[in-house]
Number of protein chains: 2
Amino acid sequence: MPVTISDIAKAANVTKATVSYVINNKPGVSEETRQKILKIMKEMNYHPSTVARGLAGKSTEMLGLIIPDISDHFYVQVVRGVEETANLYNFTLNLCTTHALPEKEREMVDLFTTGRVDGIILMTYFLDLDYIVNLKKRKIPFVLIDSTFEDKSIYTVNVDNFEAGYKATEHLIRLGHKRIAFVGGPQSSNDSLLRFRGYRQALQDHGLSYSEDLVCQGDFKREGGYQAFLTLQRLQNKPTAVFAANDQMAIGILSAARSVGLQVPQDLSIIGCDDIEASSVVEPPLSTIKQPIEEMGKRATEIIFQLIYKEKPAQRRVVLKTSLVERSSCQAL
Amino acid sequence: MPVTISDIAKAANVTKATVSYVINNKPGVSEETRQKILKIMKEMNYHPSTVARGLAGKSTEMLGLIIPDISDHFYVQVVRGVEETANLYNFTLNLCTTHALPEKEREMVDLFTTGRVDGIILMTYFLDLDYIVNLKKRKIPFVLIDSTFEDKSIYTVNVDNFEAGYKATEHLIRLGHKRIAFVGGPQSSNDSLLRFRGYRQALQDHGLSYSEDLVCQGDFKREGGYQAFLTLQRLQNKPTAVFAANDQMAIGILSAARSVGLQVPQDLSIIGCDDIEASSVVEPPLSTIKQPIEEMGKRATEIIFQLIYKEKPAQRRVVLKTSLVERSSCQAL
DNA sequence: TTGTAGGCGTTATCAG
DNA sequence: CTGATAACGCCTACAA
């Protein structure tokens, strides 16, 4: 249906090969013919079929991106980073979601390894290390984002979640808090676990005792934070500060605190993690640990392109640092 | 590199054609051979190449989606609706952004019309009607979201922005407000224009006079709302309520009001438009007009599939209704 | 019921 | 410098 390379060849009175040469600007074509062909291509509004090109073994100019869920702002930010970087290379994104279903994860990976894309960025949580390592046999570059694997043979990009927990807790400690609660995410969350470890380590490094009472489990949602705080409030010895493993929960804690008549930050300091948009408009604005999420997408994409173009990436594991965003939800004791 | 149809054929002692038949479960293959082939495909973990299949004229199982910007929450929601619907059909998304650059828009459309995808959903703002109508010649289904065209020959999905403006204004009027300001988006925004028209119409229908003084231009951003409100404050006869053409600006107006010592909603009622996440956590929670953005993506995708599968969509123009979300930023006078 | 052969649009190889 | 020609993996008449 659309105009093909043969149409151009015919119009220019040459063969397809010659046209192909000028498309990929390879030598072996006289300047005269080259210009003529270029002109005709313009006139006929010709665009090489990426599909055919892909079949013939060349680049598809597409990157596969596998995320669990596009409703989650976290992944949206990753997508943003990937998209913008891919754009620089004139690549387009092939996006799919798994909804954190193991079979879907495998299905999507299989889909992408059939030559439909030139590289894959994956955020999967159920594929085991064996499966991932075996992906290398399929000869298509891939990078993992936010994965739990520490294997040295694969490329991964992560945020330093331990450091995030450490920083948040340390901030509270510096403000003089001694009874600091931790509200975690769901059991299954590795990120939450690492932040928790950072929290413990910070307590320990500053000579504060760790108490299980002060640790609550949430679900990364606002309501979970709300409930968790209510639980905390039933304690004899209440916390003066709380570190929530993400901002959504921190905001839930904020409303819970208000609902029981506490003032933030006068009566309670709160720090979150993520730096979502809502955190800056909430009252009081929420102090938080900002993660370079978009940057993760960017770095992963850069690695993919190095792999595609056969350059050797500097490192296999990149771990990005977080930063403290001080707003008004924390106060010195 | 990966296992191909020939590999399967060889292993099963049949020809590629036979394998192809069972892949597309067509008749003409004995149940016995079919089972045998199926089994071998499983064993060898075979997946037909979508690329080759696309070239041969079959479905690519991909939808092209063109948006201006993935940093904008509005488009993210559209993507979400599209993605989820496409998923039901086992389609994958080919996403690209134009950053609202005219050449990019054209480039992406051209890209997608070369057979790389089975259908296109586009949110472009610079391609003229002629160009769009001509797309039909390329024989690939497409649907426009949030477009300004009223042409009856193309498929479009929109939100009723006029109604949004009307509803917001009417809400304020019902609360007894008579001096209602309007803070619009950038000049180029058609959505903002339509909401403005709704605003005017509501005033008129309720016998209120329209005054140019009460209309300010913003930029759809928080800062723009902030500045716009400061301008409004310089008026002799100040407004008692303001309708912002989007929530970001409404939030800016909220801070501006606070900064000049006004209480919301006691001294000033504010209503926004969009219902972004921040609107529910801001203090006081913002009343707004909720748009079914995700629904737009969903509807557009459904139309695309009807087109792909040669069913006739019920209508060419679908216009979705908005709804009022009452929170605490508006008060009866 | 199965196999043969040609085509989809492009690239690559190898002569001329 | 240019032109045939054979892949690439799959689909679909048509023939056996």
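Letters go in sequence order (proteins before strands), and every chain restarts at 1.
Going from atom NZ of A/K58 over to atom P of C/dT11 covers 7 Å, rounded to whole Å. One interatomic measurement links the two molecules: CG of B/N24 to C1' of D/dG9, which rounds to 13 Å at whole-angstrom precision. For B/I23 and D/dC10, the CD1 to P distance is 6 Å, given to the nearest whole Å. One atom, CZ of B/R116, and another, P of C/dT10, lie 13 Å apart when rounded to the nearest Å. Taking atom NZ of B/K10 as the reference point, atom P of C/dG3 lies 14 Å away to the nearest angstrom. One can place CD1 of A/I37 at 13 Å from P of D/dC1, the figure rounded to the nearest angstrom. The nearest whole Å value for the distance from the NZ atom in B/K36 to the P atom in C/dT1 is 15 Å.
When heavy atoms are screened at a 4.0 angstrom cut-off, A/V14 is found touching the sugar-phosphate backbone but no base atom.
Comparing A/K16 and A/S30 by the nucleotide of DNA chain D whose heavy atom lies nearest to each, the residue mapping closer to the 5' end is A/S30. Comparing B/G28 and B/G57 by the nucleotide of DNA chain C whose heavy atom lies nearest to each, the residue mapping closer to the 5' end is B/G28.
Contact annotation: A/T18 reaches the phosphate of D/dG3 (side-chain N/O to OP1 or OP2, under 4.0 Å). For the pair A/S20 and C/dT10, the criterion of a side-chain N or O lying under 4.0 Å from OP1 or OP2 is not met.
A donor and an acceptor atom never sit less than 3.5 Å apart when one is taken from the side chain of B/K26 and the other from the base of D/dT12.
Applying the side chain to side chain contact (heavy atoms under 4.5 Å, CB included) criterion to A/K152, with sequence neighbours excluded, gives no partner residue. With sequence neighbours excluded, the residues forming a side chain to side chain contact (heavy atoms under 4.5 Å, CB included) with A/I40 are A/I8, A/A11, A/A12, A/K36, A/M44, listed by chain and number. Every side chain to side chain donor-acceptor pair (under 3.5 Å) that A/S153 has, sequence neighbours left out, goes to A/K136, A/D151. Scored by the side chain to side chain donor-acceptor pair (under 3.5 Å) test, B/R53 finds no partners at all (sequence neighbours excluded). Legend: residues meeting side chain to side chain donor-acceptor pair (under 3.5 Å) with A/N45, ordered by chain and number and at least two apart, are A/H47. Scanning for side chain to side chain contact (heavy atoms under 4.5 Å, CB included) contacts around A/K104 gives A/T98, A/L101, A/E107, A/M108, B/N87, B/N90, with sequence neighbours left out. Residues that satisfy the side chain to side chain donor-acceptor pair (under 3.5 Å) test with A/S6, not counting sequence neighbours, are absent from this structure.
The pair B/D110-B/R138 counts as a salt bridge, with a side-chain nitrogen and a carboxylate oxygen less than 4.0 angstrom apart. Between A/K39 and A/E43, at least one side-chain N (NZ, or NE/NH1/NH2) sits under 4.0 Å from a carboxylate O, which counts as a salt bridge.
Note that the two end axes of the helix from C/dT1-D/dA16 to C/dG16-D/dC1 enclose an angle of 50°, each drawn from 5 base pairs, rounded to 10 degrees.
Residues of residues 40-56 of chain A that place a heavy atom closer than 4.0 Å to DNA chain D, in numerical order, are A/L55, A/A56.
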Side-chain donor-acceptor pairs under 3.5 Å in residues 142-149 of chain B, sequence neighbours left out?
unit_1 : atom_1 : unit_2 : atom_2 : d
B/D146 : OD2    : B/Y125 : OH     : 2.7
B/S147 : OG     : B/F149 : N      : 3.2

With a cut-off of 3.5 Å and sequence neighbours excluded, list every side-chain donor-acceptor pair involving residues 292-303 of chain B.
unit_1 : atom_1 : unit_2 : atom_2 : d
B/T301 : OG1    : B/G297 : O      : 2.6

Using the 3.5 Å cut-off, write out each protein N or O paired with an N or O of nucleotides 13-16 of chain C and the distance between them.
unit_1 : atom_1 : unit_2 : atom_2 : d
C/dT13 : O4     : A/Y21  : OH     : 3.3

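Ring geometry, B/Y89 versus B/F305: the interplanar angle falls under 30°, so the pair is classed parallel (tilted spans 30 to 60°).
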